[in-house]
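Notes follow the structure.
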Amino acid sequence: MTTQPKKKKTMPKLTRVTDYIWDVPTDFIEGMRVPGRLFLSPRLLKGLEIDTLTQTANVATLPGIQKYSMAMPDAHPGYGFPIGGVAAFDAEEGVISPGGVGFDINCGVRVIRTNLTEKDVRPKIRKLIDALFHAVPTGVGAKSKLRVSDSELRRVFEDGAKWAVEEGYGVADDLEHCEENGRIELPGDLKVSDKVMKRGKPQLGTLGSGNHFLEVQCVREIYDQDIADAFGLRVGDITVMIHCGSRGAGHQICTDHLKVLGKAAKKYGIELVDRQLACAPVQSKEGQEYFAAMCAGANYAWANRQVITHWVRETFHQFFGDVEMDLVYDVAHNVAKLEEHVIDGKSQMVYVHRKGATRAFPAGHPDVPKAYRSVGQPVLIPGSMGTPSYILCGMDKAMELTFGSACHGAGRIGSRKAAMRKFRGAEIEKELLAKGITVKATHPSVLAEEAPAVYKPSDAVVEVVHQVGIACRVAQVVPIGVAKG
DNA sequence: ATGTAC
(Lines give C-alpha, C1' and ligand atoms only; values in the text may rest on other atoms or scores of the structure.)
Protein backbone atom coordinates (compact mmCIF):
# COMPACT_ATOMS: atom_id res chain seq x y z
CA MET A 1 0.00 0.00 0.00
CA THR A 2 1.12 3.51 -0.83
CA THR A 3 2.19 5.80 1.96
CA GLN A 4 3.59 9.30 2.12
CA PRO A 5 7.35 9.78 1.80
CA LYS A 6 9.33 9.14 4.93
CA LYS A 7 10.43 12.52 6.26
CA LYS A 8 13.76 11.93 7.90
CA LYS A 9 15.07 15.15 9.41
CA THR A 10 18.41 14.06 10.75
CA MET A 11 21.42 12.77 8.88
CA PRO A 12 22.27 9.15 9.54
CA LYS A 13 25.77 8.15 10.52
CA LEU A 14 27.41 7.38 7.19
CA THR A 15 29.97 4.62 6.81
CA ARG A 16 33.23 5.87 5.31
CA VAL A 17 34.48 3.51 2.60
CA THR A 18 37.09 5.93 1.23
CA ASP A 19 37.38 9.72 1.35
CA TYR A 20 35.09 9.78 -1.70
CA ILE A 21 32.69 6.90 -0.99
CA TRP A 22 30.16 6.97 1.87
CA ASP A 23 27.53 4.32 2.56
CA VAL A 24 24.05 4.85 3.99
CA PRO A 25 23.28 1.98 6.39
CA THR A 26 20.21 -0.15 5.70
CA ASP A 27 18.63 0.79 9.04
CA PHE A 28 18.24 4.44 7.97
CA ILE A 29 14.88 3.75 6.34
CA GLU A 30 12.66 0.76 6.97
CA GLY A 31 12.66 -1.70 4.12
CA MET A 32 16.05 -0.88 2.59
CA ARG A 33 17.20 -4.00 0.75
CA VAL A 34 20.71 -2.70 0.05
CA PRO A 35 22.77 0.18 1.44
CA GLY A 36 22.87 3.60 -0.17
CA ARG A 37 26.19 4.67 -1.62
CA LEU A 38 27.21 8.28 -2.06
CA PHE A 39 30.16 9.36 -4.19
CA LEU A 40 31.18 12.65 -2.61
CA SER A 41 34.25 14.59 -1.61
CA PRO A 42 34.45 15.79 2.01
CA ARG A 43 33.58 19.27 0.70
CA LEU A 44 30.50 18.11 -1.23
CA LEU A 45 29.46 15.93 1.71
CA LYS A 46 29.10 19.07 3.83
CA GLY A 47 26.58 20.45 1.34
CA LEU A 48 24.60 17.20 1.00
CA GLU A 49 20.87 17.80 1.36
CA ILE A 50 18.92 15.43 3.59
CA ASP A 51 16.33 15.01 0.83
CA THR A 52 18.97 13.72 -1.58
CA LEU A 53 20.09 11.18 0.98
CA THR A 54 16.54 10.16 1.88
CA GLN A 55 15.61 9.67 -1.77
CA THR A 56 18.74 7.57 -2.31
CA ALA A 57 17.70 5.41 0.65
CA ASN A 58 14.07 5.21 -0.56
CA VAL A 59 15.23 3.75 -3.88
CA ALA A 60 17.02 1.03 -1.93
CA THR A 61 13.61 -0.31 -0.82
CA LEU A 62 12.53 -1.26 -4.36
CA PRO A 63 12.39 -4.95 -5.33
CA GLY A 64 15.31 -6.43 -7.21
CA ILE A 65 17.78 -3.62 -6.57
CA GLN A 66 21.40 -4.78 -6.86
CA LYS A 67 24.37 -3.88 -4.66
CA TYR A 68 23.65 -0.23 -3.78
CA SER A 69 21.29 2.64 -4.46
CA MET A 70 23.85 5.15 -5.67
CA ALA A 71 24.14 8.92 -5.80
CA MET A 72 26.73 10.61 -7.98
CA PRO A 73 28.59 13.70 -6.67
CA ASP A 74 26.18 16.05 -8.48
CA ALA A 75 23.10 14.44 -6.88
CA HIS A 76 20.20 16.63 -5.78
CA PRO A 77 16.52 15.96 -5.03
CA GLY A 78 14.30 14.93 -7.93
CA TYR A 79 10.96 13.23 -8.58
CA GLY A 80 11.17 10.11 -6.40
CA PHE A 81 14.73 9.21 -7.32
CA PRO A 82 17.49 11.78 -6.85
CA ILE A 83 18.85 13.47 -9.96
CA GLY A 84 22.34 12.02 -10.07
CA GLY A 85 20.99 8.60 -9.07
CA VAL A 86 22.08 5.22 -10.40
CA ALA A 87 20.18 2.04 -9.57
CA ALA A 88 20.31 -1.38 -11.24
CA PHE A 89 17.41 -3.83 -10.94
CA ASP A 90 17.53 -7.51 -11.78
CA ALA A 91 16.07 -8.08 -15.25
CA GLU A 92 13.76 -10.85 -13.99
CA GLU A 93 12.94 -10.02 -10.36
CA GLY A 94 13.37 -6.26 -10.42
CA VAL A 95 11.23 -3.22 -11.19
CA ILE A 96 11.30 -0.39 -13.66
CA SER A 97 10.34 3.14 -12.62
CA PRO A 98 9.75 6.37 -14.58
CA GLY A 99 11.03 8.28 -11.55
CA GLY A 100 14.37 6.57 -12.06
CA VAL A 101 14.64 7.96 -15.58
CA GLY A 102 13.13 11.41 -15.20
CA PHE A 103 10.55 13.42 -17.09
CA ASP A 104 13.01 14.45 -19.77
CA ILE A 105 13.69 11.00 -21.22
CA ASN A 106 17.17 10.86 -22.79
CA CYS A 107 18.05 14.36 -21.86
CA GLY A 108 21.64 14.24 -23.03
CA VAL A 109 24.69 15.97 -24.37
CA ARG A 110 26.71 15.85 -27.56
CA VAL A 111 29.97 17.49 -28.50
CA ILE A 112 31.05 18.41 -32.01
CA ARG A 113 34.70 19.21 -32.68
CA THR A 114 35.82 21.69 -35.33
CA ASN A 115 39.14 22.57 -36.89
CA LEU A 116 38.51 26.23 -36.07
CA THR A 117 40.51 27.98 -33.38
CA GLU A 118 39.49 30.59 -30.85
CA LYS A 119 40.93 33.41 -32.94
CA ASP A 120 38.78 32.39 -35.94
CA VAL A 121 35.60 32.52 -33.91
CA ARG A 122 35.99 35.25 -31.24
CA PRO A 123 35.62 38.21 -33.64
CA LYS A 124 32.33 36.78 -34.97
CA ILE A 125 30.92 35.30 -31.77
CA ARG A 126 28.04 37.75 -31.27
CA LYS A 127 26.76 37.24 -34.81
CA LEU A 128 27.40 33.49 -34.62
CA ILE A 129 25.41 33.10 -31.40
CA ASP A 130 22.57 35.19 -32.86
CA ALA A 131 22.55 32.99 -35.96
CA LEU A 132 22.59 29.76 -33.94
CA PHE A 133 19.81 31.11 -31.76
CA HIS A 134 17.70 31.66 -34.87
CA ALA A 135 18.70 28.39 -36.54
CA VAL A 136 17.58 26.33 -33.53
CA PRO A 137 14.16 27.20 -32.06
CA THR A 138 14.61 27.74 -28.36
CA GLY A 139 12.48 28.14 -25.23
CA VAL A 140 9.46 26.53 -23.58
CA GLY A 141 6.88 25.58 -26.17
CA ALA A 142 9.28 26.34 -29.03
CA LYS A 143 7.99 25.10 -32.37
CA SER A 144 10.26 23.58 -34.96
CA LYS A 145 10.70 24.75 -38.53
CA LEU A 146 10.67 21.05 -39.40
CA ARG A 147 7.30 19.57 -40.34
CA VAL A 148 6.80 15.84 -39.91
CA SER A 149 3.78 13.69 -40.70
CA ASP A 150 2.35 11.14 -38.26
CA SER A 151 4.08 8.31 -40.09
CA GLU A 152 7.42 10.18 -40.07
CA LEU A 153 7.02 10.87 -36.35
CA ARG A 154 6.45 7.17 -35.77
CA ARG A 155 9.71 6.47 -37.55
CA VAL A 156 11.41 9.05 -35.30
CA PHE A 157 10.19 7.13 -32.23
CA GLU A 158 11.31 3.84 -33.79
CA ASP A 159 14.62 4.84 -35.38
CA GLY A 160 15.95 7.88 -33.49
CA ALA A 161 19.06 9.51 -34.94
CA LYS A 162 19.06 6.88 -37.73
CA TRP A 163 15.84 8.44 -39.02
CA ALA A 164 17.44 11.87 -39.01
CA VAL A 165 20.55 10.72 -40.88
CA GLU A 166 18.42 8.88 -43.46
CA GLU A 167 16.50 12.11 -43.99
CA GLY A 168 19.74 13.98 -44.67
CA TYR A 169 20.29 15.51 -41.22
CA GLY A 170 23.78 14.15 -40.78
CA VAL A 171 26.14 11.41 -41.90
CA ALA A 172 26.49 7.71 -41.04
CA ASP A 173 29.61 8.52 -39.00
CA ASP A 174 27.40 10.51 -36.59
CA LEU A 175 25.53 7.34 -35.61
CA GLU A 176 28.79 5.48 -34.93
CA HIS A 177 29.59 8.24 -32.40
CA CYS A 178 26.35 8.11 -30.42
CA GLU A 179 25.63 5.98 -27.37
CA GLU A 180 23.52 3.07 -28.72
CA ASN A 181 24.19 4.47 -32.22
CA GLY A 182 21.43 6.95 -31.46
CA ARG A 183 18.72 4.32 -31.48
CA ILE A 184 17.37 1.75 -29.06
CA GLU A 185 15.46 -1.02 -30.82
CA LEU A 186 11.92 -0.95 -29.45
CA PRO A 187 11.21 -4.13 -27.48
CA GLY A 188 7.76 -4.39 -29.09
CA ASP A 189 5.43 -2.34 -31.25
CA LEU A 190 5.44 1.43 -30.93
CA LYS A 191 2.66 2.44 -28.58
CA VAL A 192 2.42 6.08 -27.52
CA SER A 193 -0.66 8.14 -26.71
CA ASP A 194 -2.25 10.70 -29.02
CA LYS A 195 -1.02 13.37 -26.63
CA VAL A 196 2.55 12.20 -27.10
CA MET A 197 2.10 12.41 -30.88
CA LYS A 198 0.47 15.83 -30.62
CA ARG A 199 3.19 17.30 -28.41
CA GLY A 200 6.04 15.60 -30.24
CA LYS A 201 5.04 16.60 -33.75
CA PRO A 202 5.87 20.33 -33.73
CA GLN A 203 8.94 20.11 -31.47
CA LEU A 204 11.40 17.89 -33.33
CA GLY A 205 14.49 20.05 -33.75
CA THR A 206 14.00 22.40 -30.79
CA LEU A 207 16.25 23.08 -27.83
CA GLY A 208 13.78 23.65 -25.02
CA SER A 209 14.40 25.59 -21.84
CA GLY A 210 15.83 25.29 -18.33
CA ASN A 211 19.39 24.03 -18.29
CA HIS A 212 19.30 23.13 -21.97
CA PHE A 213 21.76 25.04 -24.11
CA LEU A 214 23.77 25.29 -27.23
CA GLU A 215 27.32 26.38 -26.49
CA VAL A 216 30.32 27.39 -28.56
CA GLN A 217 33.38 26.39 -26.60
CA CYS A 218 37.15 26.33 -26.74
CA VAL A 219 39.36 23.47 -25.54
CA ARG A 220 41.31 25.13 -22.74
CA GLU A 221 43.26 22.27 -21.22
CA ILE A 222 44.20 18.67 -21.95
CA TYR A 223 44.75 16.35 -18.98
CA ASP A 224 45.40 13.11 -20.87
CA GLN A 225 47.12 13.57 -24.22
CA ASP A 226 46.68 10.02 -25.54
CA ILE A 227 42.95 9.90 -24.89
CA ALA A 228 42.50 13.47 -26.17
CA ASP A 229 44.24 12.39 -29.40
CA ALA A 230 41.80 9.48 -29.71
CA PHE A 231 38.85 11.87 -29.17
CA GLY A 232 40.36 14.34 -31.67
CA LEU A 233 40.69 17.20 -29.17
CA ARG A 234 43.49 19.79 -29.24
CA VAL A 235 44.06 22.84 -27.06
CA GLY A 236 42.63 25.96 -28.69
CA ASP A 237 40.15 24.13 -30.92
CA ILE A 238 36.54 25.22 -31.03
CA THR A 239 33.88 22.70 -29.98
CA VAL A 240 30.09 22.92 -29.89
CA MET A 241 28.08 21.35 -27.10
CA ILE A 242 24.36 20.62 -27.44
CA HIS A 243 22.38 19.81 -24.30
CA CYS A 244 18.71 18.91 -24.73
CA GLY A 245 16.25 16.06 -24.55
CA SER A 246 12.90 14.71 -25.70
CA ARG A 247 10.88 17.89 -25.03
CA GLY A 248 7.12 17.60 -24.54
CA ALA A 249 7.02 14.10 -26.06
CA GLY A 250 9.23 12.53 -23.39
CA HIS A 251 7.45 14.50 -20.69
CA GLN A 252 4.10 13.14 -21.86
CA ILE A 253 5.41 9.55 -22.05
CA CYS A 254 6.58 9.87 -18.45
CA THR A 255 3.27 11.40 -17.33
CA ASP A 256 1.20 8.73 -19.13
CA HIS A 257 3.11 5.84 -17.57
CA LEU A 258 3.40 7.31 -14.08
CA LYS A 259 -0.38 7.00 -13.88
CA VAL A 260 -0.30 3.38 -15.01
CA LEU A 261 2.66 2.37 -12.85
CA GLY A 262 1.23 4.02 -9.75
CA LYS A 263 -1.68 1.57 -10.00
CA ALA A 264 0.58 -1.30 -11.09
CA ALA A 265 2.68 -0.97 -7.93
CA LYS A 266 -0.47 -1.61 -5.88
CA LYS A 267 -1.64 -4.39 -8.19
CA TYR A 268 1.64 -6.27 -7.83
CA GLY A 269 1.93 -5.66 -4.09
CA ILE A 270 4.97 -3.39 -4.20
CA GLU A 271 5.10 -1.21 -1.12
CA LEU A 272 6.18 2.31 -1.96
CA VAL A 273 7.73 4.48 0.76
CA ASP A 274 7.14 7.42 -1.60
CA ARG A 275 4.37 7.45 -4.21
CA GLN A 276 6.81 9.12 -6.60
CA LEU A 277 8.62 5.78 -6.76
CA ALA A 278 5.74 4.43 -8.90
CA CYS A 279 7.03 1.31 -10.62
CA ALA A 280 6.09 -2.13 -11.89
CA PRO A 281 7.87 -5.46 -12.12
CA VAL A 282 10.01 -4.97 -15.19
CA GLN A 283 8.68 -8.19 -16.74
CA SER A 284 5.02 -7.23 -16.19
CA LYS A 285 2.91 -5.91 -19.06
CA GLU A 286 2.90 -2.45 -17.49
CA GLY A 287 6.64 -2.51 -16.93
CA GLN A 288 7.46 -3.57 -20.47
CA GLU A 289 5.04 -1.04 -21.95
CA TYR A 290 6.72 1.76 -20.03
CA PHE A 291 10.15 0.51 -21.10
CA ALA A 292 9.10 0.40 -24.78
CA ALA A 293 7.63 3.90 -24.59
CA MET A 294 10.74 5.14 -22.77
CA CYS A 295 12.87 3.74 -25.62
CA ALA A 296 10.66 5.64 -28.08
CA GLY A 297 11.20 8.82 -26.04
CA ALA A 298 14.94 8.20 -26.03
CA ASN A 299 14.89 7.79 -29.80
CA TYR A 300 13.00 11.07 -30.20
CA ALA A 301 15.70 12.83 -28.16
CA TRP A 302 18.48 11.37 -30.32
CA ALA A 303 16.69 12.47 -33.48
CA ASN A 304 16.21 15.90 -31.90
CA ARG A 305 19.92 16.35 -31.15
CA GLN A 306 20.75 15.07 -34.64
CA VAL A 307 18.46 17.57 -36.40
CA ILE A 308 19.83 20.38 -34.24
CA THR A 309 23.36 19.27 -35.15
CA HIS A 310 22.49 19.64 -38.82
CA TRP A 311 21.36 23.23 -38.34
CA VAL A 312 24.43 24.01 -36.25
CA ARG A 313 26.61 22.68 -39.08
CA GLU A 314 24.70 24.74 -41.65
CA THR A 315 25.24 27.85 -39.56
CA PHE A 316 28.96 27.21 -39.12
CA HIS A 317 29.35 26.56 -42.85
CA GLN A 318 27.70 29.92 -43.59
CA PHE A 319 30.18 31.65 -41.31
CA PHE A 320 33.37 29.71 -41.89
CA GLY A 321 33.01 27.80 -45.14
CA ASP A 322 33.96 24.15 -45.40
CA VAL A 323 34.90 23.63 -41.77
CA GLU A 324 35.19 20.16 -40.19
CA MET A 325 32.41 19.38 -37.73
CA ASP A 326 32.73 15.79 -36.55
CA LEU A 327 30.65 14.43 -33.74
CA VAL A 328 32.92 13.44 -30.85
CA TYR A 329 30.14 11.65 -28.98
CA ASP A 330 26.54 11.82 -27.77
CA VAL A 331 25.54 10.58 -24.30
CA ALA A 332 22.17 10.01 -22.67
CA HIS A 333 21.86 11.02 -19.05
CA ASN A 334 18.20 10.21 -18.29
CA VAL A 335 17.50 6.65 -19.31
CA ALA A 336 17.05 3.03 -18.20
CA LYS A 337 19.01 0.40 -20.11
CA LEU A 338 19.04 -3.38 -20.21
CA GLU A 339 22.72 -4.21 -19.69
CA GLU A 340 24.91 -7.12 -18.68
CA HIS A 341 27.03 -6.55 -15.58
CA VAL A 342 29.23 -8.73 -13.42
CA ILE A 343 27.74 -8.75 -9.94
CA ASP A 344 29.57 -10.61 -7.17
CA GLY A 345 31.60 -12.43 -9.81
CA LYS A 346 28.55 -13.51 -11.82
CA SER A 347 27.23 -12.13 -15.07
CA GLN A 348 23.71 -10.77 -14.73
CA MET A 349 21.20 -8.82 -16.84
CA VAL A 350 19.97 -5.66 -15.14
CA TYR A 351 17.92 -2.60 -15.97
CA VAL A 352 20.30 0.22 -15.06
CA HIS A 353 18.41 3.42 -14.26
CA ARG A 354 20.59 6.46 -14.83
CA LYS A 355 18.81 9.65 -13.88
CA GLY A 356 21.14 12.57 -14.26
CA ALA A 357 24.00 10.13 -14.68
CA THR A 358 26.14 9.27 -17.68
CA ARG A 359 27.19 5.88 -18.95
CA ALA A 360 30.97 5.55 -18.56
CA PHE A 361 32.01 2.29 -20.20
CA PRO A 362 35.75 1.56 -20.21
CA ALA A 363 38.24 0.48 -22.84
CA GLY A 364 37.44 -2.83 -24.47
CA HIS A 365 33.67 -2.71 -23.90
CA PRO A 366 31.85 -3.78 -27.09
CA ASP A 367 29.40 -0.86 -26.79
CA VAL A 368 32.21 1.70 -27.06
CA PRO A 369 32.68 2.91 -30.67
CA LYS A 370 35.61 1.29 -32.50
CA ALA A 371 37.49 4.58 -32.70
CA TYR A 372 37.52 4.79 -28.90
CA ARG A 373 37.56 1.08 -28.03
CA SER A 374 41.19 1.16 -26.91
CA VAL A 375 40.67 4.09 -24.50
CA GLY A 376 37.04 4.06 -23.34
CA GLN A 377 33.79 5.96 -23.85
CA PRO A 378 33.78 9.76 -23.87
CA VAL A 379 31.89 11.04 -20.81
CA LEU A 380 30.52 14.53 -21.41
CA ILE A 381 30.00 16.69 -18.33
CA PRO A 382 28.49 20.10 -19.05
CA GLY A 383 29.18 22.87 -16.58
CA SER A 384 26.67 25.54 -15.73
CA MET A 385 26.39 28.52 -18.05
CA GLY A 386 29.72 30.32 -17.88
CA THR A 387 31.72 27.60 -16.15
CA PRO A 388 33.97 24.98 -17.75
CA SER A 389 32.62 21.71 -19.11
CA TYR A 390 34.69 18.55 -18.94
CA ILE A 391 35.28 15.66 -21.27
CA LEU A 392 36.22 12.50 -19.41
CA CYS A 393 36.76 8.88 -20.35
CA GLY A 394 35.08 5.82 -18.83
CA MET A 395 37.35 3.58 -16.73
CA ASP A 396 37.33 -0.04 -15.48
CA LYS A 397 36.37 1.06 -11.96
CA ALA A 398 32.99 2.19 -13.32
CA MET A 399 32.16 -1.43 -14.13
CA GLU A 400 33.27 -2.54 -10.66
CA LEU A 401 31.58 0.21 -8.68
CA THR A 402 28.75 2.03 -10.50
CA PHE A 403 27.29 -0.25 -13.19
CA GLY A 404 29.37 1.68 -15.70
CA SER A 405 28.17 5.14 -14.69
CA ALA A 406 29.49 8.57 -13.77
CA CYS A 407 28.11 12.01 -12.93
CA HIS A 408 26.32 14.16 -15.52
CA GLY A 409 26.87 17.80 -14.67
CA ALA A 410 27.28 20.43 -12.07
CA GLY A 411 24.03 19.88 -10.15
CA ARG A 412 21.74 22.66 -8.93
CA ILE A 413 22.06 23.99 -5.40
CA GLY A 414 18.94 26.17 -5.12
CA SER A 415 15.51 26.30 -6.73
CA ARG A 416 14.75 28.18 -9.92
CA LYS A 417 12.40 30.53 -8.05
CA ALA A 418 15.05 31.37 -5.46
CA ALA A 419 17.52 32.06 -8.26
CA MET A 420 15.08 34.43 -9.97
CA ARG A 421 14.61 36.35 -6.71
CA LYS A 422 18.32 36.57 -6.09
CA PHE A 423 19.68 37.42 -9.55
CA ARG A 424 18.92 39.79 -12.39
CA GLY A 425 19.34 38.46 -15.93
CA ALA A 426 20.88 41.67 -17.23
CA GLU A 427 23.52 41.60 -14.48
CA ILE A 428 24.38 37.98 -15.17
CA GLU A 429 24.74 38.77 -18.86
CA LYS A 430 27.16 41.63 -18.06
CA GLU A 431 29.22 39.45 -15.72
CA LEU A 432 29.50 36.71 -18.32
CA LEU A 433 30.47 39.18 -21.03
CA ALA A 434 33.24 40.46 -18.75
CA LYS A 435 34.52 36.90 -18.63
CA GLY A 436 34.47 36.70 -22.43
CA ILE A 437 31.19 34.79 -22.73
CA THR A 438 28.50 36.05 -25.08
CA VAL A 439 24.98 34.86 -24.23
CA LYS A 440 21.61 35.04 -25.90
CA ALA A 441 18.45 33.84 -24.19
CA THR A 442 14.73 33.96 -24.92
CA HIS A 443 14.27 36.11 -21.81
CA PRO A 444 16.60 37.65 -19.18
CA SER A 445 14.89 35.62 -16.45
CA VAL A 446 16.34 32.46 -18.04
CA LEU A 447 19.80 33.83 -17.29
CA ALA A 448 18.84 34.50 -13.66
CA GLU A 449 17.40 30.99 -13.28
CA GLU A 450 20.56 29.47 -14.65
CA ALA A 451 23.05 31.78 -12.94
CA PRO A 452 26.39 29.99 -12.47
CA ALA A 453 26.13 30.53 -8.70
CA VAL A 454 23.11 28.20 -8.40
CA TYR A 455 25.18 25.22 -9.49
CA LYS A 456 27.84 23.24 -7.71
CA PRO A 457 31.23 23.97 -9.23
CA SER A 458 31.67 21.45 -12.05
CA ASP A 459 35.35 20.94 -11.20
CA ALA A 460 34.46 19.68 -7.69
CA VAL A 461 32.01 17.15 -9.13
CA VAL A 462 34.44 15.95 -11.79
CA GLU A 463 37.20 15.63 -9.20
CA VAL A 464 35.21 12.96 -7.36
CA VAL A 465 34.65 10.66 -10.34
CA HIS A 466 38.28 11.16 -11.37
CA GLN A 467 39.60 10.36 -7.90
CA VAL A 468 37.35 7.32 -7.49
CA GLY A 469 38.58 6.21 -10.91
CA ILE A 470 35.20 5.67 -12.62
CA ALA A 471 36.06 8.24 -15.32
CA CYS A 472 39.28 10.14 -15.89
CA ARG A 473 39.68 13.78 -16.89
CA VAL A 474 40.65 14.22 -20.54
CA ALA A 475 39.90 17.84 -21.42
CA GLN A 476 38.45 21.06 -20.09
CA VAL A 477 36.39 23.16 -22.48
CA VAL A 478 35.27 26.71 -21.70
CA PRO A 479 32.31 28.58 -23.16
CA ILE A 480 32.76 31.62 -25.37
CA GLY A 481 29.16 31.84 -26.53
CA VAL A 482 25.88 30.38 -25.27
CA ALA A 483 22.33 30.20 -26.65
CA LYS A 484 19.76 29.44 -23.92
CA GLY A 485 16.06 28.66 -23.85
C1' DA B 1 12.49 19.10 -17.40
C1' DT B 2 7.29 20.70 -18.87
C1' DG B 3 1.44 23.58 -23.27
C1' DT B 4 6.16 25.89 -15.61
C1' DA B 5 -1.50 23.76 -12.15
C1' DC B 6 -6.51 20.06 -15.58
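For clarity, every value in this text was computed on a predicted model and none was experimentally measured. Naming: A, B, ... by sequence-line order, numbering from 1 per chain.
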Report the distance from atom [atom1] of [X] to atom [atom2] of [N], rounded to the nearest whole Å.
X: L258(A); N: dA5(B); atom1: CG; atom2: P; value: 17 Å
X: R416(A); N: dT4(B); atom1: CZ; atom2: C1'; value: 10 Å
X: R247(A); N: dT4(B); atom1: CZ; atom2: P; value: 12 Å
X: K195(A); N: dT2(B); atom1: NZ; atom2: P; value: 17 Å
X: F103(A); N: dT2(B); atom1: CZ; atom2: P; value: 12 Å
X: H251(A); N: dT4(B); atom1: NE2; atom2: P; value: 9 Å
X: Q203(A); N: dT4(B); atom1: CD; atom2: C1'; value: 13 Å
X: N304(A); N: dT2(B); atom1: CG; atom2: P; value: 10 Å

Will you find, in the side chains of H310(A) and Q306(A), an N or O donor that is under 3.5 Å from an N or O acceptor? no
Residue pairs involving residues 246-258 of chain A (criterion salt bridge (Lys or Arg N to Asp or Glu O under 4.0 Å); sequence neighbours excluded): none
Taking any heavy-atom pair under 4.0 Å as a contact, classify G102(A): base, sugar-phosphate, or nothing. nothing
Checking all strands, does T255(A) fall into the base, sugar-phosphate, or nothing category for heavy-atom contacts under 4.0 angstrom? nothing
Can you name the salt bridge (Lys or Arg N to Asp or Glu O under 4.0 Å) partners of R155(A), sequence neighbours left out? D159(A), E166(A), E167(A)
What's the shortest heavy-atom distance between Y351(A) and I96(A), and which atoms? CD2-CD1, 4.2 Å
